[in-house]
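Both counts, for ligands and for their atoms, begin at 1 and track the order of listing.
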Amino acid sequence: MADYEPLIREETRQRIAVYPGTFDPITMGHLDIIKRALTIFDKVIVAIAKNPGKEPLFSLEERKEMIRACFPASETRVEVDEVSGLLVDYAYRRGARAIVRGLRAVSDFDYEFQLALMNRRIEREVETVFLMTGFRWIFISSSIIKDVARHGGDVGGLVPDHVCERLRERYMREQ
Ligand code: COA
C-alpha cells in the first residue's frame, strides 16, 4: 500500500497553472485564455512578469487591480500575483505544473518556442501549455489597444469596460 501513496497524492493535488504576461492592460484575448485554462486546471495564477523590453503604461498595482476586477470576489480559482526573477522558479515554488501561453498567429510561434524551450531547459518539471486564442481576439495586443485609445479611438468590446475607462482617463490626463 505504501508504494501507492505518492500516486494517490499526485492525483489529489490541485492542478495549478501560471499564466504570465505583462498585461498592460489585460484584454479580452487574455481573458479568453484564462477562461479556457480554467476548464483544464483547478487554479490559474495570473502572474504579472517583467519583460525587460517593455516600459508599461500602467503601474504594477494598477495592472493587478484591472485583472482582479475582471472576476467576482467569489472566483477563488483565479489568483493575481507578480513575478520577480525567473518565471519557472516562481511556477515551481507555487506548485504549478504548467505555464500557459496563448497563441494568436504564426508570428507568435518563434518567440513562444524560444521561451518554452529555455524554460524547460531551466526547469524540466514545468511544462508550457499553448492555448489557441479565440478567433475574435487574434488581431489584438495590448500595444495596439493602447495606440488606438491614445488617439481617441474606440476600444470597446476589445477590453473589459473598466479597462476601457482606465485607458480613457489615462490618455485624457496626458492631453
Ligand atoms: N490575446 C491578446 N493579446 C495577447 C494574447 C491574447 N491571448 N496573448 C498575448 N497577447 C499580446 C499581449 O497583449 C502582448 O502585447 P504587447 O506586446 O503589445 O504588450 C503580447 O501579446 C505578448 O506579451 P505577453 O503575453 O504579455 O508576454 P510578454 O512577451 O510581454 O512577456 C514574459 C513574456 C513576461 C512571460 C517573459 O518575459 C518572462 O517569462 N519574464 C520573466 C523572466 C524570465 O523568466 N525570463 C526568462 C524567460 S525564458
Side-chain angles (χ1 to χ4, degrees), residues 16-41 44-60 62-68 70-71 78-94 96-151 153 155-164 166-167 170-171:
I16 303 172
V18 171
Y19 179 43
T22 309
F23 303 110
D24 185 46
I26 187 161
T27 68
M28 292 306 225
H30 294 129
L31 275 178
D32 177 59
I33 296 292
I34 297 169
K35 285 177 188 159
R36 280 161 196 246
L38 284 171
T39 65
I40 306 170
F41 298 97
V44 175
I45 303 174
V46 183
I48 305 181
K50 179 111 186 90
N51 179 337
K54 289 181 181 173
E55 196 52 61
L57 172 70
F58 292 104
S59 71
L60 187 62
E62 286 174 309
R63 283 178 279 156
K64 271 193 196 169
E65 267 174 36
M66 283 188 275
I67 300 171
R68 281 202 198 101
C70 296
F71 302 94
V78 179
E79 181 186 326
V80 185
D81 198 7
E82 63 194 71
V83 184
S84 55
L86 282 176
L87 176 65
V88 274
D89 287 348
Y90 172 84
Y92 188 80
R93 257 198 335 270
R94 296 298 315 265
R97 273 298 183 77
I99 289 171
V100 166
R101 293 287 286 171
L103 283 180
R104 287 164 301 168
V106 183
S107 52
D108 279 343
F109 192 77
D110 275 355
Y111 175 59
E112 294 299 335
F113 201 58
Q114 222 180 352
L115 275 185
L117 288 178
M118 183 54 85
N119 282 333
R120 194 166 70 191
R121 186 174 189 277
I122 306 169
E123 178 51 74
R124 293 198 79 81
E125 286 195 28
V126 178
E127 287 290 345
T128 300
V129 174
F130 293 109
L131 297 178
M132 284 299 297
T133 299
F135 188 68
R136 284 195 292 168
W137 321 117
I138 273 184
F139 301 101
I140 62 170
S141 70
S142 299
S143 300
I144 208 159
I145 298 271
K146 283 182 283 190
D147 197 37
V148 172
R150 182 181 298 119
H151 294 97
V155 293
L158 301 176
V159 291
D161 290 348
H162 63 279
V163 174
C164 221
R166 283 283 184 112
L167 283 164
R170 178 57 55 95
Y171 288 124

What protein heavy atom lies closest to [atom]? Include the residue and the distance to one decimal.
atom                    : result
atom 2 (C) of ligand 1  : I140 O, 3.4 Å
atom 6 (C) of ligand 1  : G29 C, 3.7 Å
atom 12 (C) of ligand 1 : H30 NE2, 3.5 Å
atom 47 (C) of ligand 1 : L115 CD2, 3.6 Å

Have a look at ligand 1 and work out which part of [X], if any, has a heavy atom under 4.0 Å from it: side chain, backbone, both or neither.
X    : answer
T133 : side chain
I33  : side chain
L86  : both
Q114 : neither

Which of these, [options], has its nearest heavy atom closest to [atom]?
atom                    : options              : answer
atom 9 (C) of ligand 1  : R104, E123, M28      : R104
atom 28 (P) of ligand 1 : N51, L103, D24, L57  : N51
atom 24 (P) of ligand 1 : R101, E112, R121     : R101
atom 42 (C) of ligand 1 : S143, G85, A49, S142 : G85

Under 4.0 Å between a Lys/Arg side-chain N and an Asp/Glu carboxylate O for [X] and [Y]?
X    : Y    : answer
D147 : R150 : yes
R101 : D108 : no
R166 : E65  : yes
R136 : D32  : no
E62  : R170 : yes

With atoms numbered from 1 as shown, which atoms in ligand 1 lie under 4.0 angstrom from a non-hydrogen atom of [X]?
X    : value
Y111 : 29 (O), 33 (C)
S141 : 3 (N), 13 (O), 15 (O), 18 (O)
K50  : 37 (O), 40 (N), 41 (C)
T22  : 26 (O), 28 (P), 30 (O), 31 (O)
M118 : 48 (S)
G21  : 26 (O)

Open item on the list: Looking at ligand 1, would Y90 count as a contact under a 4.0 Å heavy-atom criterion?
Closed with: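 Checking ligand 1 against Y90, which is what was asked, there is no heavy-atom contact under 4.0 Å.
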- [ ] Taking all heavy atoms of R94 and all of D81, pick out the closest pair and write down the distance.
- [x]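 Nearest pair, atom of R94 first, then D81: NH1-OD2, 3.4 Å.
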TODO: Give the minimum heavy-atom separation between H162 and C70, together with the two atoms involved.
DONE: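 So the minimum-distance heavy-atom pair works out to CE1-SG, 3.7 Å.
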Open item on the list: Any protein heavy atom at under 4.0 Å, with atom 32 (C) of ligand 1 as the reference point?
Closed with: no
Task: Parallel, tilted or perpendicular: rings of F135 and F139 (30°, 60°) - done: perpendicular
So is there a nitrogen or oxygen of [X] less than 3.5 Å from a nitrogen or oxygen in ligand 1?
X    : value
P20  : no
N119 : no
L87  : yes
K54  : yes

Taking atom [atom1] as the centre, does [X] end up with more than 12 heavy-atom neighbours from other residues, nucleotides or ligands that are less than 6.0 angstrom away?
X    : atom1 : result
I138 : CD1   : yes
K64  : NZ    : yes
Y92  : OH    : no
R120 : CZ    : no

Open item on the list: Any heavy-atom pair between the side chains of V83 and K50 that's under 4.5 Å?
Closed with: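 A side-chain contact is absent here, since even the closest heavy-atom pair is not under 4.5 Å.
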Task: Partners meeting side chain to side chain donor-acceptor pair (under 3.5 Å) with E127 (sequence neighbours left out) - done: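 Result, side chain to side chain donor-acceptor pair (under 3.5 Å) vs E127: none returned.
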